[in-house]
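Below you'll find the structure, written out as structure tokens, and then a few comments.
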Amino acid sequence: GRGGSPSAPGTEHGAGQAAEQAAQGACMAECHLPSLQVDRFLHQLRLSDDVLQDVAARFQAEMLKGLARDTNPTAAVKMLPSFVRSLPDGSEKGEFLAVDLGGSQLRAHRVRVSDDGKQSSQLESKFYPTPKEVTQGNGAELFDYIADCLSDFMDTRNLKQKKVPLGFTFSFPCKQTKLDEGVLLEWTKHFRVRGVQGTDVVSSLHRALQKHQDIDVDVLALVNDTVGTMMTCGYDDPRCEVGLIIGTGTNACYMEEMRHISLVEGDEGRMCINTEWGAFGDDGALDDLRTEFDRELDLGSLNPGKQLFEKMISSLYLGELVRLILLKMTKEGLLFNGKVSAALLTKGKIEMKHVSAMEKYKEGLSNTREILTELKLFPSEEDCVAVQHVCTIVSFRSANLCAATLAAILTRLRDNKKLLRMRTTVGIDGGLYKTHPRYAQRLHKVLRRLVPTCDVRFVLSRSGSGRGAAMVTAVALRLAAQRRRLDAALAPFLLPPSTLQQVRDSMRAELEYGLKREAQGQATVKMLPTYVRGMPDGTEKGKFLALDLGGTNFRVLLVKIKSGRRRSVQMYNKIFAIPLEIMQGTGEELFDHIVQCIADFLDYMGIKGARLPLGFTFSFPCRQTSIDKGTLVGWTKGFKATDCEGEDVVDMLREAIRRRNEFDLDIVAVVNDTVGTMMTCGYEDPNCEIGLIAGTGTNVCYMEDMKNIETVEGNEGKMCINTEWGAFGDNGCIDHIRTKYDREVDEGSLNPGKQRYEKMTSGMYLGEIVREILIDLTKQGLLFRGHISESLRKRGIFETKFLSQIESDRLALLQVRRVLQHLGLDSTCEDSIIVKEVCAAVSTRAARLCGAGLAAVLEKRRQDRGVERLQITVGVDGTLYKLHPHFSRILQETVKELAPQCDVTFMLSEDGSGKGAALITAVAKRLHNGDPEHLSDL
């Protein structure tokens, strides 16, 4: 196998072999025998790359166990969520304290972080001993001791009169439910303090600190030293997303996707997972690789059966492993002529510092002789070479195993990012890695072989436990401040029930007012009579043409309606674009373009000769005096053609047909798309009396009792009213819920001051509101690192379909980032979370406002009918309602809340503007043929 030894230096190619051999000097020639003997004796400690790949695969399986809720309780590798959700971004600043418990000393630090353009952090520290009575005494004494040391440290730094945030580095496995609490699972290393296991160590520290009246310290974060290491390095290198400790103990942490952490609510973003990998193998997963020496060492340790992986790796145990191996070899007569000294029999006599010294490059052999002599062993030249070789094998196995588990973490990160090749940084700390002459070099080399697809940079942490704890605290403060500012920006979009009730009641008042005779011209909600008085009854039949103008596209349709038992509607249509210069040119050009499109379609269908009845869906506010007369009240949705407002659109269409002089049509009805939506659903469900559009624009129509419509003669029956509710609020009645972003969108629109309700609820404007918020948050430094990109300055870039994509539950944040990249916005994971939240706030408000408006219409119908409960169907159309992942659900919930006595069925309309227009035309023809006098009274 390829393990580590001067004769097999960890690579197939013998890289570094020359160096290792030269190190042994001339002695190698005479003393090759001991190396071979040692190799044979310790063959189990030498691990081939295949074995290491297998260890990596086992560790990956253990990680999955630890992450999943059902298998976590029995998992050996605990995969503890740290509640550290973000790496430093360079904007952190302030003064912090850190206290670090877990190594050979207790350390207190003061960290100053500045973001004066060149981010920097300064550290001042003081070390305190951790005597045995502290590390193996009782809990109260331990925390009192920490508080005393901290108080002393603050005294020496003149910090007593300041309120200072503190990060507590506590390098033992803790179960956290938030950043500032942690329940100790079990002590490791040389600690055994009574009465602490199973309790929250942060509140214990709080209690101890409260006894010191003269200091004001706020413990904001409990940090594992491994996480601290990652955070320190992350401050200097934003690519750092793994922390690794190889010292007294060993552990690793890394940034995991929230969606994979089932122990923590939410699946947005990432969180640092503290693997606690020292316990890998505690369930027997490594039994086949553990040697008799590992077993003996474990039995003699403070925690038998626990931290078995750590006992094969960390500096606390490697010296002892070497001692046990030398003892056995001596007993078998392979060393020191079989003579065992009292020192060699004594636990702890060989420490890591000795192992490092013996493996030194040039003076290794002389160090070995010196150390062995001190242990009262009298080594020959051969003994020295053999012992040095034992040290190499033991420390090389440690580096090999570490490389295998690190390879598993890197592979997981790469898979999470769906990358073929990944560049990343590992922040690393620990005495073994830092002081051993060859450890780092061996680890890097093996790792490169195990994960050739990862380009890894190792960064040595500068005081990870101190600076890192301060960083975690600083990031927590930054995130809390960001959270407050984000909440403040989005607060105006959260409409409480009382506000929605006000909106419902205002809408009700406006609907009532618009029906009054004296309100004509004054009302903002126009309540236009449509002269559609009947719903389809199933006897409609024939061929009809329909035109549909209401957005950037224009459609011409041929609709064949069959009646009787085999009732059906067949449709043929063609879509034509309306170029911007025609939307905003003259009226004559617009209608000539429309007639040109009709001619194309009639040619295409081969029906130019027939004079077919035509329904014209014209989705703009029209004042009608009969079913085939409609005067345009005003353009909306980006249309601006001149000489149209105040003109009859049917006349303008007839004029254009006459100018072209190619064909003739019987224009029977001018129809609003909302009414068409209601009609198509009414064809399927006679209970349908309301039409709702929630798409590019928004509108509602409903069947009103004739006696309530003061603007039309007659009191019998019903007529459909086109509310044109998009203009609700143009008189200022909803100004109190409009935000500064709504005002900005309104001022930048084609019709400032008009259609205010529509601008808060419809697809054409929601993306614009989101864009304005994103610009504001970026100016505040909460997004995109404070940089407003060119694309974000472009009006209209944020289409509503992007809102639907970003808010889709199925989309991981990775895809949200892709949508943002497509918009030219380079976002971090945190940015993506914020953008998603902004989108949700804007679309939720839109759906709730829309629901409040609809509740007003429903309640009016219920009261007009004088019923306790109203059973009614609402026909709905529009991309926002149909395609947005949450809009329809929130709208329906709001209607239930605000009109609890109405049982509403929502029915999706199939092509209201095409099929609906044909149905209205058919109904008009049916009623007209029955009563030619009253065409205008359909």
Side-chain angles (χ1 to χ4, degrees), residues 530-532 536 540-551 553-562 569-578 582 587-620 622 624-632 641 643-644 647-673 675-676 679-680 911-930 932 934-936 938:
T530 62
Y531 295 86
V532 170
E540 296 77 16
K541 58 177 187 292
K543 284 184 190 173
F544 304 89
L545 274 182
L547 306 183
D548 173 17
L549 175 70
N553 289 330
F554 165 66
R555 288 190 309 157
V556 188
L557 304 93
L558 173 65
V559 183
K560 295 180 180 172
I561 304 177
K562 290 186 179 153
V569 180
Q570 277 177 305
M571 297 196 290
Y572 310 88
N573 73 50
K574 202 165 179 182
I575 297 177
F576 302 90
I578 299 185
I582 286 183
E588 210 163 271
E589 288 167 342
L590 175 63
F591 280 91
D592 283 346
H593 178 72
I594 290 170
V595 170
Q596 166 73 55
C597 297
I598 298 172
D600 285 358
F601 179 74
L602 297 175
D603 277 341
Y604 171 71
M605 295 298 294
I607 48 172
K608 214 169 207 171
R611 185 173 185 266
L612 292 172
L614 176 137
F616 182 13
T617 297
F618 186 74
S619 306
F620 301 94
C622 275
Q624 288 185 253
T625 50
S626 72
I627 194 157
D628 62 348
K629 283 190 171 43
T631 306
L632 175 63
D643 310 324
C644 295
E647 298 296 323
D648 181 352
V649 292
V650 178
D651 285 346
M652 285 159 66
L653 182 60
R654 284 186 179 130
E655 285 299 313
I657 292 174
R658 227 170 266 141
R659 276 199 297 279
R660 190 170 178 97
N661 199 15
E662 261 182 44
F663 55 83
D664 194 17
L665 296 170
D666 170 19
I667 304 171
V668 174
V670 59
V671 182
N672 179 282
D673 57 340
V675 183
M679 289 301 262
T680 42
D911 190 18
S913 39
K915 186 173 167 181
L919 282 166
I920 289 172
T921 308
V923 172
K925 275 299 209 194
R926 184 192 87 212
L927 294 182
H928 173 53
N929 292 345
H934 290 90
L935 176 59
S936 63
L938 164 65

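Note that the numbering runs from 1 along the sequence shown for the chain. Owing to the predicted nature of the structure, the values given are computational and were not obtained by experimental measurement. Note that these values count all heavy atoms, side chains included, but never hydrogens, waters or copies made by symmetry.
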Task: Closest non-hydrogen atom pair, M679 against V923 - done: CE-CG2, 4.1 Å
Open item on the list: Could you report the tightest heavy-atom contact between A599 and R660, atom names first, then the distance?
Closed with: CB-NE, 3.6 Å
Open item on the list: Ignoring hydrogens, what is the shortest heavy-atom contact between G914 and A546? Give both atom names and the distance.
Closed with: O-CB, 3.6 Å
Open item on the list: So which atom in V671 and which in G676 form the shortest heavy-atom distance, rounded to 0.1 Å?
Closed with: CG1-N, 4.1 Å
Open item on the list: So if I apply the side chain to side chain contact (heavy atoms under 4.5 Å, CB included) rule between L612 and each of V559, L558, D666, which one comes out positive?
Closed with: L558
Open item on the list: What verdict does the side-chain contact (heavy atoms from CB on, under 4.5 Å) test give for Q624 and T530, after you've listed the backbone C-alpha separation in whole Å, the side-chain angles of each residue and the deciding distance to 0.1 Å?
Closed with: CA-CA 6 Å; Q624 288 185 253; T530 62; 4.1 Å; yes
TODO: Could you tell me whether the side chain of F601 reaches within less than 4.5 Å of the side chain of L545, counting heavy atoms only?
DONE: yes
Task: M571 side, atom CE; I561 side, atom CD1 - distance, nearest 0.5 Å - done: 10.0 Å
Task: Derivation of the side-chain contact (heavy atoms from CB on, under 4.5 Å) call for L632 and E647 - done: CA-CA 6 Å; L632 175 63; E647 298 296 323; over 6 Å; no
Open item on the list: Measuring only between side-chain heavy atoms, which start at C-beta, is F591 closer than 4.5 Å to E655?
Closed with: no
Task: Spatial distance of atom CZ (R659) from atom CG (D592) [nearest 0.5 Å] - done: 4.5 Å
Task: Gap separating the CD1 atom of I598 from the CZ atom of F576, nearest 0.5 angstrom - done: 9.0 Å
Task: Side chain to side chain, I607 and K543, heavy atoms closer than 4.5 Å - done: no
- [ ] Specify the closest pair of heavy atoms between C644 and G587, including all atoms of both residues, with the distance to one decimal.
- [x] SG-CA, 3.4 Å
Task: Nearest-0.5 Å distance, CD1 of residue I920 to CZ of residue F616 - done: 13.5 Å
Open item on the list: Nearest 0.5 Å, please: how far is CG in L614 from CG in D628?
Closed with: 11.5 Å
Task: Residue that, paired with L557, satisfies side chain to side chain contact (heavy atoms under 4.5 Å, CB included) out of L547, I575, N573 - done: N573
- [ ] Look at the side chain of D648 and the backbone N and O of G630, then say whether any donor-acceptor pair between them is shorter than 3.5 Å.
- [x] yes
Open item on the list: If you define the side chain from C-beta out and look only at heavy atoms, does anything of V595 sit under 4.5 Å from F663?
Closed with: yes
- [ ] Count the heavy atoms of every other residue, nucleotide or ligand shown that sit under 6.0 Å from NZ of K608, and state whether that count exceeds 12.
- [x] yes
TODO: Heavy atoms only: give me the nearest I667-L653 pair and the separation to one decimal.
DONE: CD1-CD2, 3.7 Å
TODO: Find the distance between CG (D651) and CZ (R658) and round it off to the nearest 0.5 Å.
DONE: 8.0 Å
- [ ] Please test D664 against R611 for salt bridge (charged side-chain N to carboxylate O under 4.0 Å, His left out), starting from the C-alpha separation and ending with a verdict.
- [x] CA-CA 6 Å; D664 194 17; R611 185 173 185 266; 3.1 Å; yes
Open item on the list: For a 4.5 angstrom cut-off between non-hydrogen side-chain atoms, does H593 reach F554?
Closed with: no
Open item on the list: Distance alone, cut at 3.5 Å: any donor-acceptor contact between the side chains of Q596 and D600?
Closed with: yes
